[in-house]
Amino acid sequence: MIEHLQPAALALAQARHVVVITGAGVSAESGIRTFRDTMEGLWKDFDPARLATPEAFAADPATVTRWYDWRRLGCLAAEPNPGHVALAKLEAWLSETNRTFTLLTQNVDRLHHKAGSRNVIELHGSIIEWRCTRTGRKSTPPNAPFDEFPPRSEAGAPLRPDVVWFGEALPQPALDAAEHAMHTCDLFMSVGTSSVVYPAAGFAELARYRGAPVIEVNPAPTSLTRTATWSLRGRSGQILPHLLNAAMA
Ligand code: BV8
């Protein structure tokens, strides 16, 4: 029995403009390590927060791009889990009933797209696309390991993943779209995120400020738990299908 499932499902059934933010936890059941899981194997001695920075790339582009290539291939091989699928079904159900759904994701793995979600705002970019550090031109590398590190663009300059590193600004179009969705949001859901990275973590606070109920889905308490309207404790792959079924019942 999932505590608070019924009131959360009722709020979801009555909402007209739902905004969901996801973090690395929603992809954990697809086998993709979360940001704050301890790293294993090849990368066990590296700290993601240090590698995911422009400074690390400038200092050691080979190591940084080797790490991102390893993660990119893992994301390409991963499959959406029931949590991703439930969010895609929620979007379809809301649009069939003339309501809106906006999915903000901090994830760079494109698993929401693979699961069929359509209105996805990638706040932190995508690891599947890379861009030339000289021209800014984006490309989607083939599903095979790069043969040199750093990989080079057609212009001969190093390629970097099209993600947002710590200390870098989020893409303005993504921020604008997220802020637009928040204006009408009457139900906010935070799934699989430790809610420590800003400005992404600020959207839940904005929802609360606007008086929208906030549902959290996470196996562990986070900094959001204290202020969330309902905190559904558990894995998103297990909770989201139940929440959706209860809301649609
Ligand atoms: C910005 C892409 C300003 C790359 C990521 C000092 C210097 C510089 C900046 C700062 C600073 N102090 C603070 C900042 C701001 C900084 C920040 O917030 N830092 C934090 C650490 C304090 N933010 C930034 O730098 C942002 N930019 O501020 O720019 C600016 C403005 C104008 C002009 C110039 C600059 C940029 C932040 C984006 C960084 N990029 N990712 C990559 O992927 O490699 S962030 C990275 O963390 C991932 O995107 C990840 O998604 C994100 C957040 O982490 P979570 O998703 O929450 O993942 P985490 O592992 O933490 O938690 C997983 C959760 O899942 C847990 O709660 C767990 O319980 C749960 N879980 C586990 N299993 C499951 C589950 N939940 C459900 N089901 C399960 N089965």
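No experiment lies behind these values; they were computed from the predicted model shown. For ligands, and for the atoms within them, numbers begin at 1 and follow the listed sequence.
At least one cation-pi condition fails for Arg66 and Trp70: the charged atom is not both under 6.0 angstrom from the six-membered ring centre and inside a 45 degree cone around its axis.
Scored by the salt bridge (charged side-chain N to carboxylate O under 4.0 Å, His left out) test, Glu122 finds Arg110 as partners (sequence neighbours excluded). With sequence neighbours excluded, no residue satisfies salt bridge (charged side-chain N to carboxylate O under 4.0 Å, His left out) with Glu79. In this view, Phe146 and Trp130 satisfy the ring pair (Phe, Tyr, Trp, His ring centres under 6.0 Å) rule, not counting sequence neighbours.
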Evaluation steps, ring pair (Phe, Tyr, Trp, His ring centres under 6.0 Å), between Trp165 and Phe57: CA-CA 10 Å; Trp165 279 329; Phe57 179 70; 5.3 Å; yes
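Ordered by chain and residue number, the residues placing a heavy atom less than 4.0 Å from ligand 1 are Gly23, Ala24, Gly25, Ala28, Glu29, Thr34, Phe35, Arg36, Ala52, Tyr68, Arg71, Gln106, Asn107, Val108, His124, Val163, Val164, Trp165, Phe166, Gly167, Glu168, Ala169, Leu170, Gly192, Thr193, Ser194, Val196, Val197, Tyr198, Asn218, Pro219, Ala220, Arg235, Ser236.
Checking Val20, Leu244, Val120 one by one against Leu87, the side chain to side chain contact (heavy atoms under 4.5 Å, CB included) holds for a single residue, Val20.
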